[in-house]
Q: 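Dropping the structure in here first, questions after.
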2 protein chains.
Amino acid sequence: MEKTKIELSEQCHMSMKAISDVQDLMGGKWKYLIISSLYFLDKMRFMDLKRQIGTIAPKVLSKELKDLEVNHLIIRTVCNTKPITVEYELTTLGRSLHKIITAMAEWGIDYRSTVLK
Amino acid sequence: MEKTKIELSEQCHMSMKAISDVQDLMGGKWKYLIISSLYFLDKMRFMDLKRQIGTIAPKVLSKELKDLEVNHLIIRTVCNTKPITVEYELTTLGRSLHKIITAMAEWGIDYRSTVLK
DNA sequence: GTAACTAATTACCAAAAGGTAACTATCTTA
DNA sequence: TAAGATAGTTACCTTTTGGTAATTAGTTAC
C-alpha cells in the first residue's frame, strides 16, 4: 500500500518534471504553431512561415525561430539564391514532437466540433 | 497536384486553428502541471495541488484553477468537512486531454535521457 | 531609378503573467 | 489560548511577452 503510493508519486513526479521541460522549450504563443507548420509543410522560408501563421510580427517570429534553433528543434539554412532566402526545417528532435502535435490537433478539432457548437 | 496541395494546406490550417484553441485553454506556466497532477492523483485539494506542484503561489494556483473551471476542464467541490475542504477533479473533457499529457510526459522523459544526458 | 521582395533588426511601448508578502476567516488540536 | 491547518484574497511590484512602426541591406523586376 505504502509502496504503491510511493511508486505512483515517483512516476507522477517524473512526468511532471518532464512536462515542465517541454513547457520550457515550447512555451509562449507561437512555438507549437511554428513546429506544426514545419511538420506539415516541411521546408519553409521566413516569409512562408509568417504568411502561414498569419498575425505574427517579424520580430517575434525571428525571436521564436532563434529559440527553437538553439534548442535544436529546427535548423536554419541560408540559401545563396537570387534574393537571399533562408530555409527552416525540423531536426530529428523537432520531428519527434509529432505525437504531441497530433494529439493537440486532434483534441482541438474534437473540442471545436463538440464544445464550441 | 493542385488539388492535393490545397487539401494539404486545408488540413494544415485546420490543425493549426485547433492547436491555437488548445493554447488558449492551456496557456501559461502551470495548467498542464495541474491537469497532469489531477490525471495521476485523481481528486486533490487545494493544498495537495500546491504541495505537489511545488513552487506555485496560492494566488496563481487559485487563478489557474478558476480558468480551468470556467472552461469545464475541472470541477470544484466544496466538502462540508470538519475544517472546510475543497476538492478538484478532472471533468470528462479534462480527462480527454490524456493523449496530450502522456505525449508530453513521454517526450520530456525521452528528452531528459537523450539530450540532457 | 524606383518600387518591391528577401530576411530580418531596432526602438519603443502596453499588457499579461507571475512572484512576494501579508492578511482573512473558519476550525481544530495541544 | 495560542499554534496550525483549511482555502483562499489583496496590494504591490517585476519580469516577460508580445505588438507597432520604422529601418536596414541586398537583389531584382519594371
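Within every chain, numbering begins at 1; the chains are lettered A, B, ... in the order of the sequence lines, protein sequences first and strands thereafter. Just so it is clear, the model here is predicted, and its values are computed rather than measured.
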Q: Atom CG of B:L49 and atom C1' of D:dA7: how far apart are they, to the nearest Å?
A: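 Nearest whole value for this atom pair: 12 Å.
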
Q: If you assign each of B:E87 and A:P58 to its closest nucleotide in DNA chain D, which residue comes earlier from the 5' end?
A: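 Closer to the 5' end of DNA chain D: B:E87.
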
Q: At less than 4.0 Å, is any side-chain N or O atom of B:R51 found next to OP1 or OP2 of D:dA5? Yes or no.
A: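 No, because none of the side-chain N or O atoms of B:R51 sits under 4.0 Å from OP1 or OP2 of D:dA5.
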
Q: Can you check the A:I53 CD1 to C:dA8 C1' distance for me, whole Å?
A: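 Taking atom C1' of C:dA8 as the reference, CD1 of A:I53 is at 15 Å.
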
Q: Under the side-chain contact (heavy atoms from CB on, under 4.5 Å) criterion, do B:C79 and B:V86 qualify, and how do the steps go?
A: CA-CA 6 Å; B:C79 316; B:V86 179; over 6 Å; no

Q: Which heavy-atom pair separates B:I35 from B:G94 by the least distance, and what is that distance?
A: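 Residues B:I35 and B:G94, closest heavy atoms: CG2-O, 4.4 Å.
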
Q: For A:I84 and for A:T55, find the nucleotide of DNA chain D with the closest heavy atom, then tell me which residue's nucleotide is more 5'.
A: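 Its nearest nucleotide lies further toward 5', so the answer is A:T55.
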
Q: Examine distances only and state if a side-chain atom of A:S37 and a backbone atom of A:L33 form a donor-acceptor pair shorter than 3.5 Å.
A: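 Here the side-chain-to-backbone pair exists.
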
Q: Where the side chain of B:Q23 meets the backbone of A:K29, is there a donor-acceptor pair that is under 3.5 Å apart?
A: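 At least one qualifying donor-acceptor pair exists.
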
Q: Name the residue from B:K43, B:R45, B:R95 that meets the salt bridge (Lys or Arg N to Asp or Glu O under 4.0 Å) definition with B:E89.
A: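 It is B:K43, the one option of B:K43, B:R45, B:R95 that forms the salt bridge (Lys or Arg N to Asp or Glu O under 4.0 Å) with B:E89.
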
Q: What are the two closest non-hydrogen atoms of B:Y88 and B:L38, and how far apart are they?
A: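 Looking at all heavy atoms of both residues, the closest pair is O-CD2, 3.3 Å.
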
Q: In plain terms, say whether B:E64 and B:K31 are close enough for a salt bridge, that is, a side-chain N and a carboxylate O under 4.0 Å apart.
A: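 Salt bridge between B:E64 and B:K31, a charged N being under 4.0 Å from a carboxylate O: yes.
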
Q: Measure from the side-chain heavy atoms of A:P83 and tell me the nearest of D:dG8, C:dT6, C:dA8.
A: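 So the side chain of A:P83 is nearest to C:dT6.
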
Q: Salt bridge or not for B:K63 and B:D67, using N-O below 4.0 Å?
A: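 Salt bridge flag = yes for B:D67 with B:K63.
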
Q: Can you find a heavy atom in the side chain of B:M44 that is under 4.5 Å from one in the side chain of B:Q52?
A: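 Yes, at least one pair of side-chain atoms sits under 4.5 Å.
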
Q: Quick check on contacts: within residues 16-30 of chain A, what sits under 4.0 Å from DNA chain D by heavy-atom distance?
A: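 By residue number: A:G28, A:K29, A:W30.
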
Q: Residues from residues 60-73 of chain A sitting under 4.0 Å of DNA chain D, heavy atoms only?
A: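 A:V60 - these, ordered by number, are the residues of the stretch whose heavy atoms sit under 4.0 Å from the strand.
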
Q: Could you tell me whether the side chain of A:I34 reaches within less than 4.5 Å of the side chain of A:Y39, counting heavy atoms only?
A: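 Result no, sub-4.5 Å side-chain heavy-atom pair not found.
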
Q: Looking at B:A105, is its backbone amide N or carbonyl O close enough to the side chain of A:S15 to form a donor-acceptor pair, meaning the two atoms are under 3.5 Å apart?
A: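 Answer holds: no.
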
Q: Once you round it to whole Å, what is the distance between C1' of D:dG8 and CD1 of B:I34?
A: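 It works out to 14 Å between those atoms.
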
Q: In whole angstroms, how far is the P atom of C:dT6 from the CG atom of A:N80?
A: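 Atom CG in A:N80 sits about 17 Å away from atom P in C:dT6.
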
Q: Taking the axis from the first five pairs and the axis from the last five, what angle separates them in the helix from C:dG1-D:dC30 to C:dA30-D:dT1, rounded to 10 degrees?
A: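 End-to-end axis angle for the helix from C:dG1-D:dC30 to C:dA30-D:dT1: 0°, rounded to 10°.
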
Q: Atom CZ of A:F46 and atom P of C:dT6: how far apart are they, to the nearest Å?
A: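 Rounding to the nearest Å, CZ of A:F46 and P of C:dT6 are 11 Å apart.
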
Q: Atom CE of B:M44 to atom P of D:dG8: distance rounded to whole Å?
A: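 Whole-Å distance recorded here is 14 Å.
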
Q: D:dA7 P sits how many Å from B:R45 CZ, rounded?
A: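 In whole Å, D:dA7 P lies 5 Å from B:R45 CZ.
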
Q: Once you round it to whole Å, what is the distance between P of C:dA17 and OH of B:Y32?
A: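 Answer to the nearest Å: 15 Å.
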
Q: At under 4.0 Å, does any side-chain N or O of A:R76 touch on OP1 or OP2 of C:dA8?
A: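 Yes.
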
Q: If you count every heavy atom of other residues, nucleotides or ligands that lies below 6.0 Å from B:K50 atom NZ, does the total exceed 12?
A: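 Yes, because the 6.0 Å sphere around NZ of B:K50 holds more than 12 heavy atoms from other groups.
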
Q: Among C:dT6, C:dT9, C:dG18, which is the nearest nucleotide to the side chain of B:K59?
A: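 Looking only at heavy atoms from C-beta outward on B:K59, the closest nucleotide is C:dG18.
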
